[in-house]
There are 2 protein chains.
Amino acid sequence: MARAATTTDAFNAVAEPRRRDILDALARGERSVNDLVEQLGVAQPVVSKHLRVLREVGLVQVRDEGRQRIYRLEPAPLRQVFEWVKDYERLWTERFERLDAVLEDLKAEQAQADRQGSRPATSKTTDEERTS
Amino acid sequence: MARAATTTDAFNAVAEPRRRDILDALARGERSVNDLVEQLGVAQPVVSKHLRVLREVGLVQVRDEGRQRIYRLEPAPLRQVFEWVKDYERLWTERFERLDAVLEDLKAEQAQADRQGSRPATSKTTDEERTS
DNA sequence: CCATCGTATGCCAATATGGACATACGTCAA
DNA sequence: TTGACGTATGTCCATATTGGCATACGATGG
């Protein structure tokens, strides 16, 4: 089986840096294709193709204006990405908190060792349960 | 040029749903490969290959335990994804606020129209500036 | 030492990609 | 009408993918 199409969902669509650049540009306001071509400094067909992908996953909307096509950001599909990744943010924090706790423990043990002149006991505890 | 390798960055790595499943599983604790195989219900080589990708972008760490390999989540690289997408969350909120405002306006205009017996004026304003 | 377990890897097929280039198409101005 | 402009699309190339299958490999138990 081949890789999932970039038009499958927002995850695949924003995996391409150039497309993120396009979205970033559109986040600051509507843009015509040529505007984007200038801002990104890439060939026009390339931009058009990326816009097509973004259109197909609903990340942008188009509007005809004379011979120009004005693209507008449609952030809704990014919600899926945000919702998935946001839960992991807690893990960084937790990890840091846990690190702090470990350091505290070590300091305490060290202090006790200094007082008693013996080596700190190796406290071995699993920090995550293994539910299988 | 072909599509960027899945091992390029977290964006590409998590574009694959199965890999997100793996990360979700690991978020609840360490897992051996076979644990993951059972939980995901996919063939073992497939899991191993996805784990390889995740390893190469630093999203998981491995530890040998007898003949098992225990995988652990390393959420740090997801920060890049979070940081990029989080700014877009504001846009949903803003959009909703704007929608609320529009609805308020419509209601007000409607009320006035009812009082005066005329149709509400179409208020046309650009909501985003076009900086090129 | 040998068989088995747990895992990783190699090869294959089918598919999709992003970019370069050429070109088609619709709109507008003269 | 004709030509220029703005944009989309088609073709081609080189590359990478996911999953299936077979198999290699290291650790362990007998």
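Each chain gets a letter, A, B and so on, in the order its sequence line appears, and its residues count up from 1. Hydrogens, waters and symmetry mates play no part in the numbers below; they use all other heavy atoms, side chains included.
- Nearer to the 5' terminus of DNA chain D, by closest-nucleotide assignment, is the contact made by Gln44(A) (compared with the other of Gln44(A) and Ala2(A)).
- When distances are taken from the side chain of Val33(A) to each of dT17(D), dT7(C), dT7(D), the shortest belongs to dT7(D).
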Going through the distances and angles, do Asp24(B) and Tyr88(A) end up as a side-chain contact (heavy atoms from CB on, under 4.5 Å)? CA-CA 9 Å; Asp24(B) 289 342; Tyr88(A) 286 89; 2.5 Å; yes
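- OP1 or OP2 of dC5(D) has not a single side-chain nitrogen or oxygen of Asn34(A) nearer than 4.0 Å.
- A side chain to side chain donor-acceptor pair (under 3.5 Å) with Glu65(B) is found for exactly one of Arg63(B), Gln68(B), Arg69(B), Arg67(B), namely Arg63(B).
- Using a 4.0 Å cut-off, no side-chain N or O of Tyr71(B) falls inside it from OP1 or OP2 of dG6(C).
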| request: Would you check, one step at a time, whether the test side-chain contact (heavy atoms from CB on, under 4.5 Å) holds for Leu23(A) with Val60(A)? | output: CA-CA 8 Å; Leu23(A) 294 179; Val60(A) 299; 4.0 Å; yes
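- Axis deviation across the helix from dC1(C)-dG30(D) to dA30(C)-dT1(D) amounts to 10°, comparing end segments of five pairs, rounded to 10 degrees.
- dA27(D) atom P lies 8 Å from atom CG of Asp64(B), rounded to whole Å.
- The distance between atom CZ of Arg19(A) and atom P of dT17(C), rounded to the nearest whole Å, is 8 Å.
- The shortest side-chain heavy-atom distance between Val14(B) and Val85(A) does not fall under the 4.5 Å cut-off.
- A sub-4.0 Å separation between OP1 or OP2 of dC25(D) and a side-chain N or O of Arg67(B) is absent.
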Show which side-chain atoms of residues 4-11 of chain B pair as donor or acceptor with protein atoms under 3.5 Å away, not counting sequence neighbours.
unit_1, atom_1, unit_2, atom_2, d
Thr8(B), OG1, Ala5(B), N, 3.2
Thr8(B), OG1, Ala5(B), O, 2.7
Asp9(B), OD1, Phe11(B), N, 3.3
Asp9(B), OD1, Asn12(B), N, 2.9
Asp9(B), OD1, Asn12(B), ND2, 2.9

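- The shortest distance between the side-chain N/O atoms of Ser48(A) and the OP1/OP2 oxygens of dT7(D) is not below 4.0 Å.
- Of all nucleotides listed (dT7(C), dA20(C), dG19(D)), dA20(C) comes nearest to the side chain of Lys49(A).
- Taking 4.5 Å as the limit, some side-chain heavy atom of Leu36(A) sits within range of a side-chain heavy atom of Leu51(A).
- Under the 4.5 Å side-chain heavy-atom criterion for ILVMFWY residues, a single connected hydrophobic cluster contains both Leu26(B) and Val33(B).
- The 5' end of DNA chain C is approached more closely, in terms of each residue's nearest nucleotide, by Ala5(A) than by the other of Ala5(A) and His50(A).
- With distances taken from any side-chain atom of Pro45(A) to the nucleotides dG19(D), dG6(D), dA22(C), the minimum falls on dA22(C).
- Between dT7(D), dG19(D), dT7(C), one nucleotide has an atom nearer to the side chain of Ser32(A) than all others, and that is dT7(D).
- Atoms CE (Met1(B)) and C1' (dT17(D)) sit 16 Å apart, rounded to a whole Å.
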